[in-house]
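Computed from a predicted model, the values in this text were never measured in an experiment.
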Amino acid sequence: MGEKLEYLTEEQVNQFRSEGYLRLPNFLEPDEVEALLTRTKQLLDSFDVEEHPLTRFTTGDDNHVGDEYFLTSGDKIRFFLEEDAVDKEGKLNRPKQRAVNKIGHGLHEQDAVFRKITLENGKIKSVVRDLRFHRDPVALQSMVICKQPHIGGEVPEHNDSTFLYTNPPSALGFWIPLEKCTPENGALSFLPGSHLKAPITKRFVRMPGGGTGFEQLMAPEEAPEKPEGKYILEACMPGDLVIIHGSVLHKSERNTSPHTRYAYTFHMIESAPYAEYDSKNWLQPTPETPFPHILETPNPNVVAVGV
């Protein structure tokens, strides 16, 4: 490769580029995982149901949450509920700690524990330098996904650049399980190599009349056929790190177990002038909280990976 690697091996870099994702076992120390898990439970305990608009979070194409609570959450810590946790009268049907789908989207900026792992983590910076996926990446969102027992919803096949779109596409996910992830509680599955064959065909946007929806980037008849192959389930242990290319297809099944599946995830994109992040995107920076840069000094070059 030529460049001296700081954390990853050459084999790991090549695996990410060929398969579109990479699992790094034991990336965080046990005390770091415990700090994130403890803080997550504190946030859930402090969640004020009475002040909440009872926003339910869904992941289907036609049912994506689009209210102001969601659209203005980029620089805040907000709570989004499982569909099955709210009854027809709009009341929770279980304890609040077991009703939250996710906490997001500004944990990496607004909470010291999550900020330390995301923006002040030397190993994360080393991985970013080793991958050379971005020249000057910024962090734009973060969340804890709870995947609640029995009701933690299925996440259908998708890629992240559809929801965090830049031109050219540049989303990169960092996914850290805080608890054991198994086939029963909704571990992630990936279609290896799909980032090399599946272009971004649509993007999630703010609609002119309010709310959110999808904008087609190419006519359906112009889109290539879905890549063939077998999904690989990645069972993970607390503290592992899974790096996810923004174009790789992945999914997770419903949590049918009696156990939660807490995971902390955050995303980076390329910054201007290397990529354009426009005003159509659902998540928008504010003058007070621009997207924070990851590296003190940008990467001198990048290696383009993906369609």
Visitor: Donor-acceptor pair, distance only, cut-off 3.5 Å: does the side chain of Arg261 make one with the backbone of Cys146?
Guide: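 Checking the backbone N and O of Cys146 against the side chain of Arg261, no donor-acceptor pair under 3.5 Å is found.
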
Visitor: Side chains of Glu184 and Thr182: any donor to acceptor distance under 3.5 Å?
Guide: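 Present: a donor and an acceptor within the cut-off.
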
Visitor: Can you say whether the rings of Phe204 and Phe214 are parallel (under 30°), tilted (30 to 60°) or perpendicular (over 60°)?
Guide: tilted

Visitor: Indicate yes or no: at least one non-hydrogen side-chain atom of Glu222 is less than 4.5 angstrom from one of Gln216.
Guide: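 No, their side chains stay 4.5 Å or more apart.
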
Visitor: Calculate, to the nearest 0.5 Å, the distance between atoms OH and CZ belonging to Tyr69 and Phe80 respectively.
Guide: 6.0 Å

Visitor: Can you check whether His259's main-chain N or O pairs, donor with acceptor, with Ser257's side chain at less than 3.5 Å?
Guide: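 Side chain of Ser257 to backbone of His259, a donor-acceptor pair under 3.5 Å: yes, one is there.
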
Visitor: Could you go step by step and tell me if Phe70 and His105 meet the ring pair (Phe, Tyr, Trp, His ring centres under 6.0 Å) rule?
Guide: CA-CA 9 Å; Phe70 173 73; His105 290 91; 5.7 Å; yes

Visitor: Angle class for the Phe133/Phe16 ring planes (parallel below 30°, perpendicular above 60°, tilted otherwise)?
Guide: perpendicular

Visitor: For a side-chain contact (heavy atoms from CB on, under 4.5 Å) check, start with the C-alpha distance between Asn167 and Asp278, then their side-chain angles and the critical distance, and finish with the verdict.
Guide: CA-CA 9 Å; Asn167 185 18; Asp278 65 26; over 6 Å; no

Visitor: Are any side-chain N or O atoms of Lys147 and backbone N or O atoms of Gly186, one a donor and one an acceptor, separated by less than 3.5 Å?
Guide: no

Visitor: Could you check if a side-chain atom of His52 sits within less than 4.5 angstrom of a side-chain atom of Phe79, using non-hydrogen atoms only?
Guide: yes

Visitor: Roughly how far apart are Tyr21 OH and His245 NE2, rounded to 0.5 Å?
Guide: 14.0 Å

Visitor: For the residue pair Tyr264 and Thr40, confirm or rule out a side-chain donor-acceptor distance under 3.5 Å.
Guide: no

Visitor: In this structure, are over 12 heavy atoms from other groups packed under 6.0 Å from Lys76 atom NZ?
Guide: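 Yes, NZ of Lys76 has more than 12 neighbouring heavy atoms, counting only those of other groups under 6.0 Å.
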
Visitor: With side-chain contact (heavy atoms from CB on, under 4.5 Å) as the test, would you mind laying out the steps for Leu188 and Arg23 before giving the verdict?
Guide: CA-CA 11 Å; Leu188 295 182; Arg23 182 172 71 90; over 6 Å; no

Visitor: Identify the two heavy atoms, one from Pro168 and one from Tyr274, that lie closest to each other, and give their separation to 0.1 Å.
Guide: CD-O, 3.9 Å

Visitor: Is the cationic atom of Lys280 (NZ for Lys, CZ for Arg) positioned less than 6.0 Å from the six-membered ring centroid of Tyr165 and within 45 degrees of its normal?
Guide: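 The answer is no, since Lys280 fails at least one limit relative to Tyr165.
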
Visitor: Surrounding NZ of Lys197 (heavy atoms of other residues, nucleotides or ligands, distance under 6.0 Å), is the total greater than 12?
Guide: no

Visitor: Going by atom types only, do Tyr231 and Glu157 share a side-chain donor-acceptor pair under 3.5 Å?
Guide: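 Yes, because at least one side-chain N or O of Tyr231 sits under 3.5 Å from a partner of the opposite role on Glu157.
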
Visitor: Can you confirm whether Thr118 sits close enough to Phe174 that some side-chain heavy atom of one is under 4.5 Å from a side-chain heavy atom of the other?
Guide: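 Thr118 vs Phe174: side chains apart.
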
Visitor: Kindly indicate whether the side chain of Lys251, heavy atoms from C-beta on, has any atom under 4.5 Å from the side chain of Val155.
Guide: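 A side-chain contact under 4.5 Å is absent here.
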
Visitor: So do Lys123 and Leu24 actually touch side chain to side chain, heavy atoms under 4.5 Å?
Guide: no

Visitor: Locate the shortest heavy-atom distance separating Val113 from Ala35; write the atom from each residue and the value.
Guide: CG1-O, 3.7 Å

Visitor: Counting only N and O atoms by type, is there a donor-acceptor contact under 3.5 Å from the side chain of Ser126 to the main-chain atoms of Glu6?
Guide: no

Visitor: Determine whether a donor-acceptor pair (N or O, by modelled atom type, separation under 3.5 Å) exists between the side chain of Arg203 and the backbone of Ser161.
Guide: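 No; judged by distance alone, with no hydrogens or angles, the pair does not exist.
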
Visitor: Do the non-hydrogen side-chain atoms of His250 and Asp160 ever get within less than 4.5 Å of each other?
Guide: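 Counting from C-beta outward, His250 and Asp160 do come under 4.5 Å.
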
Visitor: What verdict does the side-chain contact (heavy atoms from CB on, under 4.5 Å) test give for Leu22 and Leu8, after you've listed the backbone C-alpha separation in whole Å, the side-chain angles of each residue and the deciding distance to 0.1 Å?
Guide: CA-CA 10 Å; Leu22 176 68; Leu8 300 177; 4.2 Å; yes

Visitor: Cation-pi between Arg39 and Phe114: NZ/CZ under 6.0 Å from ring centre and within 45° of the ring axis?
Guide: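 Geometry flag: not set, cation outside 6.0 Å or 45°.
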
Visitor: Would you call Glu215-Lys202 a salt bridge at under 4.0 Å N-O?
Guide: no

Visitor: Which heavy atom of Gly104 sits nearest to which heavy atom of Met143, and what is that distance?
Guide: CA-CB, 4.0 Å

Visitor: If hydrophobic clusters are built from ILVMFWY residues whose side chains come within less than 4.5 Å, do Leu249 and Val242 share one?
Guide: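 No, separate clusters.
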
Visitor: For the residue pair His150 and Pro258, what are the closest heavy atoms and their distance?
Guide: NE2-CA, 3.7 Å

Visitor: Is it true that the side chains of His108 and Ser142 contain a donor and an acceptor less than 3.5 Å apart?
Guide: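 Side chains of His108 and Ser142: pair found under 3.5 Å.
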
Visitor: For residues Pro177 and Cys236, report the shortest heavy-atom separation together with the two atoms involved.
Guide: CG-CB, 3.6 Å

Visitor: Are Ile294 and Met268 close enough, and set up right, to give a side-chain contact (heavy atoms from CB on, under 4.5 Å), and what steps lead you there?
Guide: CA-CA 8 Å; Ile294 300 297; Met268 300 179 192; 3.7 Å; yes

Visitor: Is Asn185 reaching over with its side chain to a backbone N or O of Gly152, donor-acceptor style, under 3.5 angstrom?
Guide: no

Visitor: Would you confirm whether Asn14, through its side chain, and Ser18, through its main-chain N or O, come within 3.5 Å as a donor-acceptor pair?
Guide: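 Here the side-chain-to-backbone pair does not exist.
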
Visitor: Treating Asp130 as the side-chain partner and Tyr7 as the backbone partner, does any N or O pair qualify as donor plus acceptor under 3.5 Å?
Guide: yes

Visitor: Is it true that a side-chain atom of Asp75 and a backbone atom of Thr289 form a donor plus acceptor pair closer than 3.5 Å?
Guide: no

Visitor: Verify the cluster assignment for Val144 and Met237: are they in a single hydrophobic cluster under the rule of side-chain heavy atoms below 4.5 Å apart?
Guide: no

Visitor: Do Glu32 and Lys116 meet the salt-bridge criterion of a basic N to acidic O distance under 4.0 Å?
Guide: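 Looking at Glu32 together with Lys116, the answer is no, because their closest N to O distance does not fall below 4.0 Å.
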
Visitor: With side chains defined as the heavy atoms from C-beta onward, is the minimum distance between Asp240 and Trp175 less than 4.5 Å?
Guide: no

Visitor: Within the structure provided, determine whether Lys96 and Leu92 are in side-chain contact (heavy-atom separation under 4.5 Å).
Guide: yes

Visitor: With a 6.0 Å cut-off (strictly less than), is the heavy-atom count around CD of Glu50, excluding the residue itself, greater than 12?
Guide: no

Visitor: Just checking, any donor-acceptor pair under 3.5 angstrom between side chains of Glu270 and His134?
Guide: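 Not at all, the side chains of Glu270 and His134 share no donor-acceptor pair under 3.5 Å.
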
Visitor: Kindly give the heavy-atom pair with the smallest separation between Gln141 and Leu283, and that separation in Å.
Guide: CB-CD2, 3.6 Å

Visitor: For Gln148 and Asn101, does a side-chain donor sit closer than 3.5 Å to a side-chain acceptor?
Guide: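 Asn101 and Gln148 do not have a side-chain donor-acceptor pair below 3.5 Å.
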
Visitor: Side chains of Glu68 and Thr72 only: does a donor on one sit below 3.5 Å from an acceptor on the other?
Guide: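 Checked: Glu68/Thr72 side chains show no N/O donor-acceptor pair below 3.5 Å.
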
Visitor: Looking at Leu107, is its backbone amide N or carbonyl O close enough to the side chain of Asp111 to form a donor-acceptor pair, meaning the two atoms are under 3.5 Å apart?
Guide: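 The answer is no, because no donor-acceptor pair under 3.5 Å joins these two groups.
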
